[in-house]
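Heads up: the structure comes next, in structure tokens.
Just so it is clear, the structure is predicted and the values come from calculations on it, not from any experiment. This chain uses plain numbering: 1 for the first residue, then up along the sequence.
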Amino acid sequence: MSKKSGNNVLLENRKAHFLYFLSDFIVAGLVLTGTEIKSLRAGNASLSDSYVTIHEGEAWINNMHISNYKDGTVWNVDPLRSRKLLLNKQEIRKLERELQGTGMTVVPTKVFLSRGYAKVEIALAKGKKAHDKRDAIKERDQNREVGRALREHGKGGNL
């Protein structure tokens, strides 16, 4: 039996794209227990309000909620525990430099499986102001209207 070679996206943090300007995307491994990976594969997790911190030279993801596995017993762990990210030293140092007093943060944008291993895509983020969010909403609405008009025109509704 062969494994799938593609990436299977399990979770996406769409809220991060709305709240932040994202840059410098990095893919990191995620240290999980057996019941956590089973629950993650079942889709019982959330990335909203999660963030990445650097502590003693290691990267940690906080507030990532992975629900208890329904068939797990004593091996279930705290759903909101901090989980270690697997990054090399250069990547951690780069993130530390970027975070030093600049008003930036690091947020996870997506969790996916790569060759059976859980990976998380993290990005350097700078918060959007209220007017930036309004511009994003206006642009999204305009794109939706253009798409609707194109679909209606393609159907031949107007003769």
Side-chain angles (χ1 to χ4, degrees), residues 1-140:
M1 209 173 184
S2 66
K3 290 185 179 179
K4 292 181 183 177
S5 61
N7 292 337
N8 300 331
V9 176
L10 301 174
L11 299 171
E12 230 178 315
N13 190 357
R14 288 188 233 142
K15 190 175 177 183
H17 292 279
F18 179 70
L19 295 176
Y20 303 104
F21 293 113
L22 301 176
S23 64
D24 297 340
F25 292 87
I26 299 173
V27 174
L30 192 57
V31 177
L32 299 172
T33 64
T35 56
E36 284 179 321
I37 190 67
K38 288 181 179 190
S39 185
L40 190 64
R41 286 175 192 253
N44 299 328
S46 172
L47 283 177
S48 63
D49 298 331
S50 59
Y51 59 96
V52 175
T53 57
I54 309 293
H55 182 67
E56 295 181 4
E58 293 180 338
W60 296 85
I61 188 167
N62 302 306
N63 281 353
M64 179 180 172
H65 187 276
I66 299 178
S67 298
N68 287 333
Y69 184 57
K70 65 179 174 87
D71 294 330
T73 55
V74 296
W75 302 109
N76 280 331
V77 293
D78 180 27
L80 287 175
R81 75 178 183 93
S82 296
R83 293 166 180 91
K84 187 175 179 179
L85 293 178
L86 302 174
L87 293 168
N88 62 38
K89 288 181 184 179
Q90 291 82 13
E91 291 170 331
I92 292 173
R93 284 190 203 124
K94 178 185 173 193
L95 289 176
E96 269 185 318
R97 277 193 311 270
E98 295 288 341
L99 293 176
Q100 293 297 323
T102 59
M104 303 286 273
T105 187
V106 180
V107 294
T109 57
K110 142 184 354 180
V111 175
F112 59 94
L113 293 177
S114 177
R115 289 187 257 139
Y117 294 104
K119 305 283 186 178
V120 62
E121 181 184 70
I122 59 176
L124 200 59
K126 184 162 181 72
K128 285 184 180 179
K129 305 275 190 233
H131 60 85
D132 294 326
K133 293 177 190 175
R134 284 192 296 268
D135 291 343
I137 291 170
K138 182 194 279 185
E139 183 179 337
R140 185 177 59 214

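- Within the structure, side chain to side chain donor-acceptor pair (under 3.5 Å) pairs that include any residue of residues 12-30 do not occur (at least two apart or interchain).
- Side-chain contact between T35 and N68 is absent, with no heavy-atom pair separated by less than 4.5 Å.
- Under the 4.5 Å side-chain criterion, counting only non-hydrogen atoms from C-beta, V107 is in contact with L22.
- Two residues are said to be in side-chain contact when any heavy atoms from C-beta on lie closer than 4.5 Å; I37 and I66 fail this criterion.
- Considering CG of L95 and CD of E91, their distance stands at 7.5 Å, rounded to 0.5 Å.
- For T53, the side-chain hydrogen bond (donor to acceptor under 3.5 Å, both in side chains) partners two or more places apart in sequence, or in a different chain, are N62.
- The salt bridge (charged side-chain N to carboxylate O under 4.0 Å, His left out) check on K128 picks up nothing, with sequence neighbours excluded.
- Qualifying side-chain hydrogen bond (donor to acceptor under 3.5 Å, both in side chains) partners for S46, counting only residues two or more places apart in sequence or in other chains: S48.
- Scored by the side chain to side chain contact (heavy atoms under 4.5 Å, CB included) test, K138 finds Q142 as partners (sequence neighbours excluded).
- Listed by chain and residue number, T109 satisfy the side-chain hydrogen bond (donor to acceptor under 3.5 Å, both in side chains) test with E121 (two or more places apart in sequence, or in another chain).
- Under the rule for a side-chain hydrogen bond (donor to acceptor under 3.5 Å, both in side chains), the partners of R81 that lie at least two apart in sequence or sit in another chain are E36.
- Counting all heavy atoms, side chain and backbone alike, K119 lies closest to G29 at CD-CA, 4.1 Å.
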